[in-house]
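Here the structure is laid out as structure tokens; the discussion comes afterwards.
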Amino acid sequence: MSEILTAKADGILTITINRPDKKNALTSAMYAAMADALEAAESDAAVRVIVFAGNGGAFTAGNDLLDFLNTPPQGDESPVFRFLRAISTASKPLVAAVSGVAVGVGTTMLLHCDLVYVGTDARLSLPFVNLALVPEAASSLLLPAMIGYHRAAELLLLGEPFNAETAKAYGIANAIFPDARVLPEAMQVAAKLAAKPPTALRLTKQLLRQTRGDIAGQMAAEGVHFRSQLKSAEAREAMTAFFEKRPPKFS
Ligand code: COA
């Protein structure tokens, strides 16, 4: 079965990450499929709202670390950057239904969603530094602006997981539901959005987004460091240690 499932009904495009045996870790092919779906949705009048969800009790464990080791993303046209561009410029409302882990891009993509719902047991994290990487998806710009510098510094410099309560208290999530209710609740909100006048909705989102600063510029600056760090010995050690189930050693 496909690792990215898309379903379109009643004005809602649902994009479901479906690789439960790897906690929905995202490979290049999966990023490409999500980028394709988002790009197609832009010009599809039948899509009014987009919902992101994950199958099997995880949202996503973030970028596949084997992919990072073996086929690191190169340039602006790599699938991950295409996905980040598409999600950060989407003109239609994006709703996220987060159950379980949301690691790395699993959390940074939420900063680009308009409405975010998390399950009671959701566990978010931004472990870029621990992997010898730097933040991506303009999270180094968006996060301090959204939650304040010191909270952002704590999440990005320490990279420790945080729970649904913290996500809501920080304003990263709109509401918390029991895990089994997250997707149905998100779909209900999406149905409300899908029934609204689409042009007014799009223009309102556009106006809201104008307050967010130079997202493309920050993503480009992050990308330079991200790509060079991916090639570093410290990143190789961090990722190898994950697969060898041992603590990394940075000498
Ligand atoms: N890339 C590749 N494989 C991954 C992965 C990732 N990002 N995250 C999890 N997996 C794999 C594990 O290697 C394991 O595979 P195996 O069954 O073949 O051994 C499987 O998914 C289940 O993961 P596991 O670690 O056993 O689950 P868990 O519930 O104990 O922990 C996580 C879940 C997400 C906390 C943990 O897997 C993790 O920290 N993953 C790495 C996350 C990460 O650093 N992402 C990149 C961010 S930039």
Side-chain angles (χ1 to χ4, degrees), residues 1 3-4 17-34 52-74 78-84 87-88 96 98-112 118-140 142-143 152 154-164 166-167 172 179 218-219 222-232 234-250:
M1 191 187 267
E3 291 177 332
I4 296 295
I17 310 171
N18 182 43
R19 197 187 174 209
D21 58 322
K22 298 290 178 193
K23 300 278 170 182
N24 293 334
L26 294 165
T27 60
S28 289
M30 292 163 75
Y31 282 119
M34 291 199 294
F52 288 102
N55 267 349
F59 187 59
T60 169
N63 205 107
D64 186 290
L65 293 176
L66 259 190
D67 250 23
F68 264 165
L69 279 171
N70 297 336
T71 47
Q74 296 299 335
S78 65
V80 60
F81 287 104
R82 269 185 60 218
F83 168 71
L84 294 178
I87 199 171
S88 62
V98 180
S99 293
V101 289
V103 186
V105 72
T107 292
T108 60
M109 66 185 276
L110 304 180
L111 309 178
H112 296 279
V118 293
T120 323
D121 294 332
R123 222 163 157 68
L124 291 75
S125 60
L126 297 159
F128 301 106
V129 163
N130 302 338
L131 292 165
L133 300 174
V134 299
E136 37 84 302
S139 55
S140 56
L142 293 173
L143 206 60
E154 188 174 36
L155 297 185
L156 287 170
L157 296 178
L158 290 175
E160 288 169 3
F162 55 103
N163 63 17
T166 303
I172 295 171
D179 286 286
Q218 191 77 4
M219 282 204 300
E222 290 171 345
V224 170
H225 296 305
F226 200 99
R227 287 190 285 263
S228 74
Q229 277 301 106
L230 261 180
K231 293 187 209 135
S232 70
E234 57 186 31
R236 183 153 291 274
E237 166 58 12
M239 293 176 204
T240 308
F242 170 74
F243 288 112
E244 292 177 355
K245 300 187 196 297
R246 61 169 174 83
K249 234 175 112 180
F250 303 113

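Keep in mind that what you see is a predicted model, and the values were worked out from it rather than measured. Note that these values count all heavy atoms, side chains included, but never hydrogens, waters or copies made by symmetry. Every number for a ligand or one of its atoms is a count from 1 in the order of the listing.
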Are Asp64 and Thr27 close enough that a side-chain donor and a side-chain acceptor fall under 3.5 Å?
no

With Thr60, which residues qualify under side chain to side chain contact (heavy atoms under 4.5 Å, CB included), at least two apart?
Ile17, Asn24, Leu26

Euclidean distance, Asn63 CG relative to Ser28 OG, rounded to 0.5 Å:
7.0 Å

Going by side chain to side chain contact (heavy atoms under 4.5 Å, CB included), name the residues that satisfy it together with Asn55, two or more places apart in sequence or in a different chain.
Leu5, Thr16, Asn18

Pairs under 3.5 angstrom, nitrogen or oxygen on both sides, ligand 1 versus protein: list them out, please.
unit_1, atom_1, unit_2, atom_2, d
ligand 1, 1 (N), Leu65, N, 2.8
ligand 1, 7 (N), Ala61, O, 3.3
ligand 1, 7 (N), Asn63, O, 3.0
ligand 1, 15 (O), Lys22, NZ, 3.3
ligand 1, 18 (O), Lys22, NZ, 2.6
ligand 1, 29 (O), Lys23, NZ, 3.3
ligand 1, 45 (N), Ala61, O, 2.8

Could you tell me which residues satisfy side chain to side chain donor-acceptor pair (under 3.5 Å) with Ser232, sequence neighbours excluded, listed by chain and number?
none

Has Glu237 got more than 12 heavy atoms of other residues, nucleotides or ligands less than 6.0 Å from its CD?
yes

